[in-house]
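Below is one structure, written out as structure tokens; the observations come after it.
Count residues from 1 along the sequence. Being a predicted model, the structure only gives us computed values, none of them experimental.
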Amino acid sequence: MTMCRKLENLKHLDVNIYFDVDLASLDSELFIKDLKNSFSHLSVFLFKDLYLSTPILRELNEFRLAKLCYKHLPNIQVVQSFASRNRSNDFLERERQILSFVECQRTETSALQHFSTMGPNIDCGTHEFSAGLFPEVKHLKVTWLNPHQGDVTPLLQFTKIETLTIKHSPSQRKFDLFLNQYGKNLSELNVLGEKVWNDHHLKSQFSKIFRFCPKLERLSLVGIDILDHSRNICFFSNLRELEWTPTEYSKARLSKILMAPKLETLYLNVSDESFVFDLYDLNLVSNMITKKQILDQITRFEVRFFCRFPFREDRMINDNFTAWSDLLKNAAAYLPKLADLKVKFLINPLKNYKTPDLLIRSIESVFDSHRGCGLFDFVDASITII
């Protein structure tokens with residue numbers, strides 16, 4: 001706070017904070033006065049606890065400060081974290097609450113552009129919330145923490161939404177409500193649809209998504225069943241970035257969606273439990289790359305393997321590693337604009353390895369034995385132990 005008082009032209013602040021104060025003091029008139037004097041010129045204030053406290057206390061610290069910033073900083077556009085997807089923080093990581101309908105009511109219009117809500121605050125029909133108080137909101141993130149949260153109608157009243165993130169929607173109907181309301185102007189859609197509330201994943205179709213969202217440029221799908229992945233796709237001419245984590249055993253097909261003519265960035269997440277992408281289609285994609293039929297605009301291609309190690313020794317594992325080796329080699333050789341090719345392994349080792357180097361060399365040997373000799377070093381593969 002002392003530093004920012006002296007930096008009068010500072011607009012963007014991103015900082016880790018050690019919360020060494022009594023939470024009650026955050027509501028004092030003196031603290032609020034200091035807050036205004038220090039941060040009123042900020043447009044973006046990103047922060048997180050230094051993880052020195054328990055998870056519950058950490059989130060309480062962050063929320064209390066976010067609430068105060070929201071209520072008392074007139075120029076603030078982004079508080080605590082972005083509501084749109086940020087590649088510097090993996091989409092799969094836990095994301096934090098920014099504000100609450102219940103505790104952050106206001107009567108004056110806000111400059112806020114990134115609006116996130118989670119938990120019981122979605123059930124806001126009984127609270128005096130009006131989207132009209134947030135005329136500048138362009139980025140909306142909605143997370144359900146239980147399947148019985150009620151009326152989302154107030155969240156469908158924003159007028160400038162360009163990016164939408166939906167996490168753990170409890171029903172197809174509620175997901176479709178947001179697509180129907182905001183799809184026509186969306187440039188970015190992120191959906192995390194893991195089966196949190198029942199035994200079924202959220203379901204959708206590429207055809208529906210692109211029909212509702214004709215201007216879509218960035219699409220991230222994690223744990224959502226895409227029912228028409230094997231069919232020809234229309235209306236995806238603006239798509240520039242795709243991240244796809246298919247559901248287990250879905251045998252998703254890539255060859256149709258990768259025909260998007262402007263696709264520049266591709267992130268694919270693969271599990272060794274089911275190798276979620278169809279093997280025949282992987283070989284087809286590899287062949288289409290060699291014939292220069294797809295991905296001629298791609299500049300960045302990243303594949304992430306979530307797997308246990310040592311790998312199971314069976315034909316499915318062997319055939320899939322061979323297919324991925326061929327596809328990555330062909331991508332490196334034939335895609336004319338590809339500048340950034342990455343392979344990442346997120347490994348759950350089933351036995352102890354004395355050194356990380358030993359684990360790395362063990363995984364490298366698997367690729368070497370499946371027509372990928374030298375590929376591991378060529379793509380500068382990285383390994384994270386989870």
Side-chain angles (χ1 to χ4, degrees), residues 84-85 87 91 138-140 161-166 169 172 175-193 201-247 250-270 276-278 280-304 327 330-331 334-340:
S84 59
R85 186 161 166 252
R87 286 305 309 181
F91 182 57
K138 298 178 181 179
H139 313 279
L140 176 63
I161 298 299
E162 298 174 0
T163 76
L164 175 65
T165 298
I166 298 292
S169 173
Q172 187 72 42
F175 174 62
D176 288 346
L177 283 174
F178 283 91
L179 273 191
N180 183 60
Q181 180 65 23
Y182 295 125
K184 63 182 179 180
N185 292 317
L186 286 185
S187 63
E188 176 181 314
L189 174 64
N190 310 299
V191 186
L192 182 64
H201 290 278
L202 189 66
K203 293 178 173 59
S204 192
Q205 302 90 35
F206 279 133
S207 57
K208 175 191 285 188
I209 290 173
F210 290 113
R211 186 172 68 252
F212 276 115
C213 313
K215 300 179 182 179
L216 203 62
E217 297 183 5
R218 293 177 298 280
L219 175 63
S220 175
L221 301 172
V222 177
I224 174 173
D225 277 329
I226 296 296
L227 304 179
D228 62 347
H229 54 77
S230 61
R231 300 176 187 171
N232 290 329
I233 303 170
C234 300
F235 313 117
F236 63 173
S237 60
N238 292 310
L239 187 66
R240 297 181 181 273
E241 179 178 320
L242 173 67
E243 178 178 23
W244 194 6
T245 306
T247 56
S250 62
K251 299 303 177 187
R253 298 193 175 193
L254 282 164
S255 55
K256 302 300 183 182
I257 188 63
L258 295 192
M259 296 181 71
K262 295 181 181 179
L263 195 62
E264 298 173 351
T265 304
L266 178 62
Y267 303 97
L268 300 175
N269 298 315
V270 184
V276 293
F277 292 102
D278 181 77
Y280 173 82
D281 191 68
L282 282 178
N283 290 320
L284 176 61
V285 168
S286 188
N287 188 47
M288 293 172 73
I289 289 174
T290 64
K291 294 180 179 180
K292 300 184 178 181
Q293 295 174 337
I294 56 173
L295 301 179
D296 61 332
Q297 299 299 311
I298 206 82
T299 60
R300 182 173 184 178
F301 181 17
E302 182 176 306
V303 181
R304 287 177 284 189
L327 193 155
N330 287 335
Y334 291 100
L335 298 180
K337 295 185 179 181
L338 184 62
D340 188 0

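The CD1 atom of Ile294 lies 13.5 Å from the OH atom of Tyr334; values are rounded to the nearest 0.5 Å. Separation of atoms CG (Leu268) and CG (Leu254) is listed at 5.5 Å; rounding is to 0.5 Å. Taking CG of Asn190 as the start and CG of Leu192 as the end, the distance is 9.5 Å to the nearest 0.5 Å. Atom CG of residue Asn283 and atom CG of residue Leu327 lie 8.5 Å apart, to the nearest 0.5 angstrom. The CG atom of Leu189 sits 5.5 Å away from the SG atom of Cys213 when rounded to the nearest 0.5 Å. Taken from CG in Leu179 to CD1 in Ile209, the straight-line distance is 6.5 Å, to the nearest 0.5 Å.
Partners of Ser230 by side-chain contact (heavy atoms from CB on, under 4.5 Å), not counting sequence neighbours, listed by chain and number: Arg253. Taking the side-chain contact (heavy atoms from CB on, under 4.5 Å) definition, one finds that Glu162 meets it with Lys138, Ser187, sequence neighbours left out. Among residues two or more places apart in sequence or in another chain, the side-chain hydrogen bond (donor to acceptor under 3.5 Å, both in side chains) test is passed with Gln172 by Asp176. Partners of Gln205 under the side-chain contact (heavy atoms from CB on, under 4.5 Å) rule, at least two apart in sequence or in another chain, are Ser207, Lys208, Leu227, Asp228. For Phe206, the ring pair (Phe, Tyr, Trp, His ring centres under 6.0 Å) partners are Trp244, not counting sequence neighbours. Applying the side-chain hydrogen bond (donor to acceptor under 3.5 Å, both in side chains) criterion to Asp278, with sequence neighbours excluded, gives no partner residue. For Asn185, the side-chain contact (heavy atoms from CB on, under 4.5 Å) criterion is met by Lys215, not counting sequence neighbours.
The side-chain hydrogen bond (donor to acceptor under 3.5 Å, both in side chains) with Thr163 is formed by just one residue from the set Arg218, Glu188, His139; it is His139.
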Using atom types as modelled, flag every donor-acceptor pair under 3.5 Å from a side chain in residues 255-265 to any protein atom, sequence neighbours excluded.
residue : atom : partner : partner atom : Å
Ser255  : OG   : Asp281  : OD1          : 2.6
Lys256  : NZ   : Asn232  : OD1          : 3.0
Glu264  : OE2  : Arg240  : NH1          : 2.9

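Around CZ of Arg211, the count of heavy atoms belonging to other residues, nucleotides or ligands within 6.0 Å exceeds 12.
For residues 285-297, the pairs satisfying side-chain hydrogen bond (donor to acceptor under 3.5 Å, both in side chains) are Ser286-Asn330, Gln297-Lys337, with sequence neighbours left out.
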Given side chain to side chain contact (heavy atoms under 4.5 Å, CB included), test Leu216 with Phe236 step by step and report yes or no.
-> CA-CA 7 Å; Leu216 203 62; Phe236 63 173; over 6 Å; no
Working for side chain to side chain donor-acceptor pair (under 3.5 Å), residues Glu243 and Asn269 | CA-CA 8 Å; Glu243 178 178 23; Asn269 298 315; 3.2 Å; yes
How far apart are the C-alpha atoms of Val270 and Val303, what are their side-chain angles, what is the distance that settles it, and do they pass the side chain to side chain contact (heavy atoms under 4.5 Å, CB included) test?
-> CA-CA 7 Å; Val270 184; Val303 181; 4.0 Å; yes
Dump the intermediate steps for side chain to side chain contact (heavy atoms under 4.5 Å, CB included) on Val191 and Leu202, then the final yes or no.
-> CA-CA 9 Å; Val191 186; Leu202 189 66; 3.8 Å; yes
Determine, stepwise, if the pair Ile224 / Thr247 fulfils side chain to side chain contact (heavy atoms under 4.5 Å, CB included).
-> CA-CA 6 Å; Ile224 174 173; Thr247 56; 5.7 Å; no
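Looking only at distances, no side-chain donor or acceptor of Asn180 sits under 3.5 Å from a matching main-chain atom of Phe212.
Put simply, the side chain of Asn238 does not reach to within 4.5 Å of the side chain of Phe210, judged on heavy atoms. With a 4.5 Å cut-off on side-chain heavy atoms, Leu221 and Thr245 do not count as touching.
Smallest separation of non-hydrogen atoms from His229 and Ile226: CD2-O, 2.9 Å.
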